[in-house]
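Data block below; observations after.
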Amino acid sequence: MSQFRISIYNLSWVHTPLLSHAKLEAPSTRALMSSTLKRVSSGERSISPPPSKRNKVAGSSSSSVVNNFFKPVSQKERQPGSVEFHVVQDSVLVAHHDDAHKLQRNRPVKIAAFDFDDTLIATKSGNRFAKGSDDWKWWHHSVPTKLKQLHGDGYCIVVLSNQGGISLRSDSKTAKGDMKSLANFKGKVTQVLNSLNLPISVYAATGQDIYRKPRGGMWDQLLKDYGLSDEGDVEHETTLFVGDAAGREGDKKKGVKKDHSCSDRDFAVNVGIPFMTPEEFFLNEPEKPFKRRFDPNNYLDLVLESTTDVMPNESFTKNHDVELVLFCGSPGAGKSTFYWQIMQPLQYERVNQDSLKTRDKCMKVATQLIEDQKSVVVDNTNADTETRAAWVGLAKRLGVPVRLVHFTAPAELCEHNDTVRAMNGTLMNPESRTMLPKMAFTGFASRYREPKISEGFEDITSVDFKFEGSAEQRKTWRKFWLS
């Protein structure tokens with residue numbers, strides 16, 4: 001059995017220090033909170049009491065509003081601002097309190113970004129998901145105080161939250177339950193922002209797209225809304241992101257639950273800012289061990305420095321003038337890339353079920369090509385023994401040898417490749433493919449049976465994944481894309 005390695009289409013880059021493995025030193029809570037709100041009280045004159053005899057003027061102002069009017073500027077209470085909602089790309093719900101995105105700020109800007117659920121707030125009912133717009137409480141009683149201190153220290157405060165349980169669809173197919181969930185969430189956001197009464201923006205990603213953490217779409221939208229450039233306008237050293245999805249393993253003996261994901265920590269790495277958990281930021285607890293679901297950097301070749309490594313043509317040879325070659329591998333394993341880089345130059349024709357839709361059509365086209373004395377590659381997953389047996393039978397009927405190329409990339413690497421490809425346009429997606437659903441990968445895994453020579457193949461060539469591409473492509477590929 002021959003063996004070699006395969007790269008993803010048009011990919012390769014130079015090894016650079018791994019950001020994901022570098023310890024990002026987050027500023028301590030004490031350091032962030034060191035500056036205090038200063039009151040401007042000098043130079044203000046006292047107001048003489050009104051004359052003892054004055055006609056009473058009817059009005060609707062309460063005594064608290066009147067008292068606030070006569071207070072020195074430094075002592076005035078902030079009046080509640082408005083909360084405005086809008087939707088971006090039918091995917092992100094955005095709420096701005098007090099025109100937070102329009103305030104003039106000194107550059108570079110310090111940003112304090114937070115996850116929402118289980119970071120700033122928790123459910124009052126104790127349920128995992130809120131029962132309604134009123135089912136919330138502060139995650140810890142110190143949350144409002146520390147957010148106000150951050151505001152006083154000149155921080156721009158934002159909330160970046162994944163909210164896959166709500167829908168922003170406005171068509172007639174939208175279920176009543178979706179509309180209720182959206183209304184409840186908007187009501188809860190309004191209550192939280194009004195309670196804080198600070199200029200804060202909330203971004204809620206509702207889809208499985210570029211905006212969902214750990215992907216950086218919400219960060220990019222935030223910078224756009226605030227008129228900021230990521231280069232020069234943001235003070236990355238003091239900016240931070242606080243979230244509970246940190247990849248912590250938990251402790252059953254102590255009743256500590258395992259984090260549901262590592263998406264918040266990975267998001268911070270993707271956008272290049274320090275990260276802290278709510279326990280570290282609000283409670284000054286020490287950092288705890290964590291484990292990522294998937295780290296693409298583990299699949300980078302750290303030995304080769306060249307960005308122009310090209311797979312040699314002799315990695316796969318054509319043994320016969322006319323032959324049938326089956327691919328076997330998960331979606332995202334590099335099958336199509338292998339065809340275009342290796343097989344097509346060797347004059348193999350491609351049969352692909354994504355294009356032809358059914359196996360019967362694939363077999364009909366393959367039969368015609370072989371009868372025309374052309375070699376054929378079947379670029380499908382061919383996961384199970386029964387599917388492969390049908391192709392082996394066709395080869396025998398047509399009197400041609402049948403071979404197999406086995407793509408060995410594990411499931412999460414394939415899912416990562418598919419997501420990177422779908423979300424990065426012409427940079428990584430020359431065939432303009434859309435992102436596959438999770439079931440495409442789980443379905444392959446459930447049907448997969450390792451191919452054997454005994455099934456009737458002349459030989460089996462094993463292909464391991466290897467990333468190759470430009471420096472720009474490598475920078476994109478090595479980010480965290482799986483939520």
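Note: hydrogens, waters and symmetry copies are ignored here, and every other heavy atom, side chains too, is used.
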(request) Go through the steps for Val158 and Val202 under the test side chain to side chain contact (heavy atoms under 4.5 Å, CB included), then give the verdict. (result) CA-CA 6 Å; Val158 297; Val202 175; over 6 Å; no
(message) If you compare all heavy atoms of Leu193 against all heavy atoms of Ala95, which two are closest, and at what distance to 0.1 Å?
(response) CD1-CB, 4.4 Å
(request) Identify whether the distance between the nearest side-chain nitrogen and carboxylate oxygen of Lys110 and Glu237 falls below 4.0 Å. (result) no
(message) Surrounding CG of Asp321 (heavy atoms of other residues, nucleotides or ligands, distance under 6.0 Å), is the total greater than 12?
(response) no
(request) Report yes if the side chains of Ser375 and Met343 come closer than 4.5 Å at any heavy-atom pair, otherwise no. (result) no
(request) Apply side chain to side chain contact (heavy atoms under 4.5 Å, CB included) to Pro401 and list each qualifying residue two or more places apart in sequence or on a separate chain. (result) His320, Glu323, Glu458
(message) Checking side-chain polar atoms at under 3.5 Å, does Thr367 have a donor or acceptor matched by the opposite partner on Arg397?
(response) no
(message) Ignoring hydrogens and geometry beyond distance, is a side-chain donor-acceptor pair present between Asp220 and Tyr211 at under 3.5 Å?
(response) no
(message) Side chains of Val377 and Val351, heavy atoms from C-beta outward: is any pair under 4.5 Å?
(response) no
(request) Please step through salt bridge (charged side-chain N to carboxylate O under 4.0 Å, His left out) for the pair Asp115 and Lys213, ending with a clear verdict. (result) CA-CA 10 Å; Asp115 185 35; Lys213 292 178 297 183; 3.0 Å; yes
(request) Applying side chain to side chain contact (heavy atoms under 4.5 Å, CB included), run through Val189 and Phe85 and close with a yes or a no. (result) CA-CA 10 Å; Val189 167; Phe85 290 88; 4.1 Å; yes
(message) Less than 3.5 Å apart, any donor N or O on the side chain of Ser201 or His101 sitting next to an acceptor on the other?
(response) no
(message) As a test of understanding, state which of Phe281, Phe241, Tyr155 forms a ring-ring contact (aromatic ring centres under 6.0 Å, His included) with Phe114.
(response) Phe281
(message) Check this for me, if you would: do Arg388 and Glu455 make a salt bridge, where the nitrogen-to-carboxylate-oxygen distance has to be below 4.0 angstrom?
(response) yes
(message) Under a 3.5 Å threshold, yes or no: a donor from one side chain and an acceptor from the other, between Asp266 and Ser263?
(response) no
(message) Rounded to the nearest 0.5 Å, what separates atom CD in Glu415 from atom CE in Met435?
(response) 8.5 Å
(message) Is there a salt bridge (charged side-chain N to carboxylate O under 4.0 Å, His left out) between Asp384 and Arg449? Walk through the geometry before answering.
(response) CA-CA 5 Å; Asp384 55 272; Arg449 299 294 182 272; over 6 Å; no
(message) Can you confirm if the aromatic rings of Trp481 and Phe267 lie within a centre distance of less than 6.0 Å?
(response) no
(message) Within the 4.5 Å heavy-atom criterion, are Leu160 and Phe116 side-chain neighbours or not?
(response) no
(request) Mind listing the closest non-hydrogen atom pair of Gly165 and Ser181 along with its distance? (result) O-CB, 4.0 Å
(request) May I ask you to decide whether Asp379 forms a salt bridge with Lys335, counting only side-chain N to carboxylate O separations under 4.0 Å? (result) no
(request) Using distance alone, with no hydrogens and no angle criterion, decide if Gln163 and Asp117 have a side-chain donor and acceptor under 3.5 Å apart. (result) yes
(message) Check this for me, if you would: do Arg265 and Asp244 make a salt bridge, where the nitrogen-to-carboxylate-oxygen distance has to be below 4.0 angstrom?
(response) no
(request) Give a yes-or-no answer on whether the side chains of Thr408 and Asp464 include a donor-acceptor pair shorter than 3.5 Å. (result) yes
(request) List the atom of Pro199, the atom of Arg105, and the distance in Å for their closest heavy-atom pair. (result) O-NH2, 4.3 Å
(request) Please tell me if the side chains of Leu228 and Ile111 come closer than 4.5 Å, counting only heavy atoms from C-beta onward. (result) yes
(message) Can you confirm whether more than 12 heavy atoms, excluding those of Gln89, are under 6.0 Å from its CD atom?
(response) no
(request) Decide, yes or no, whether a salt bridge links Asp209 with Arg215 under the criterion of side-chain N to carboxylate O below 4.0 Å. (result) no
(request) Check the pair Lys288, Glu279 against salt bridge (charged side-chain N to carboxylate O under 4.0 Å, His left out), reporting the backbone distance first and the verdict last. (result) CA-CA 10 Å; Lys288 292 183 179 179; Glu279 289 80 3; over 6 Å; no
(request) Using the side chain to side chain contact (heavy atoms under 4.5 Å, CB included) rule, pick out the option among Leu356, Asp360, Val376 that qualifies with Val365. (result) Leu356
(request) For Ser125 and Asp135, test the side chains for any donor-to-acceptor distance below 3.5 angstrom and give the result as yes or no. (result) yes
(message) With heavy-atom distances below 4.5 Å as the criterion, would you say the side chains of Leu93 and Phe185 are in contact?
(response) yes
(request) For the residue pair Gln473 and Thr476, confirm or rule out a side-chain donor-acceptor distance under 3.5 Å. (result) no
(message) Run Thr277 and Val242 through side chain to side chain contact (heavy atoms under 4.5 Å, CB included) and show every step you take.
(response) CA-CA 5 Å; Thr277 64; Val242 179; over 6 Å; no
(message) If only side-chain N and O atoms count, and only distance matters, is there a donor-acceptor pair under 3.5 Å linking Asn380 with Asn382?
(response) no
(request) Verify whether one side chain among Arg212 and Ser483 offers a donor that lies under 3.5 Å from an acceptor in the other. (result) yes
(message) Ring centroids only, cut at 6.0 angstrom: are Phe407 and Phe327 within range, meaning strictly under it?
(response) yes
(message) So for atom NZ, which belongs to Lys318, do other residues, nucleotides or ligands contribute more than 12 heavy atoms lying within a distance under 6.0 Å?
(response) yes
(request) Taking all heavy atoms of Phe457 and all of Leu326, pick out the closest pair and write down the distance. (result) CE2-CD2, 4.2 Å
(message) To the closest 0.5 Å, what do you measure between CG (Asp418) and NZ (Lys438)?
(response) 11.0 Å
(message) Per the ring-ring contact (aromatic ring centres under 6.0 Å, His included) rule, what does the pair list look like for residues 420-444, sequence neighbours excluded?
(response) Phe444-Tyr448
(request) Could you tell me whether Arg107 atom CZ has more than 12 heavy atoms of other residues or ligands within 6.0 Å of it? (result) yes
(request) Could you tell me whether the side chain of Leu404 reaches within less than 4.5 Å of the side chain of Cys328, counting heavy atoms only? (result) yes
(message) Nearest 0.5 Å, please: how far is CG in Leu436 from OG in Ser330?
(response) 8.5 Å
(message) A side-chain contact here means heavy atoms from C-beta on lying under 4.5 Å apart; do Trp219 and Ile273 qualify?
(response) yes
(request) Identify the heavy atoms of Thr206 and Ser91 that sit nearest to each other, and give their distance. (result) OG1-O, 2.6 Å
(message) Are His96 and Tyr203 packed together at the side-chain level, in the sense that at least one heavy-atom pair is separated by less than 4.5 angstrom?
(response) yes
(request) Taking the six-membered ring for Trp and the full ring for Phe, Tyr or His, determine whether the centres of Tyr339 and Tyr348 are under 6.0 Å apart. (result) no
(message) Would Trp477 and Tyr299 count as a side chain to side chain contact (heavy atoms under 4.5 Å, CB included) here? Give the steps.
(response) CA-CA 11 Å; Trp477 188 86; Tyr299 292 91; 4.0 Å; yes
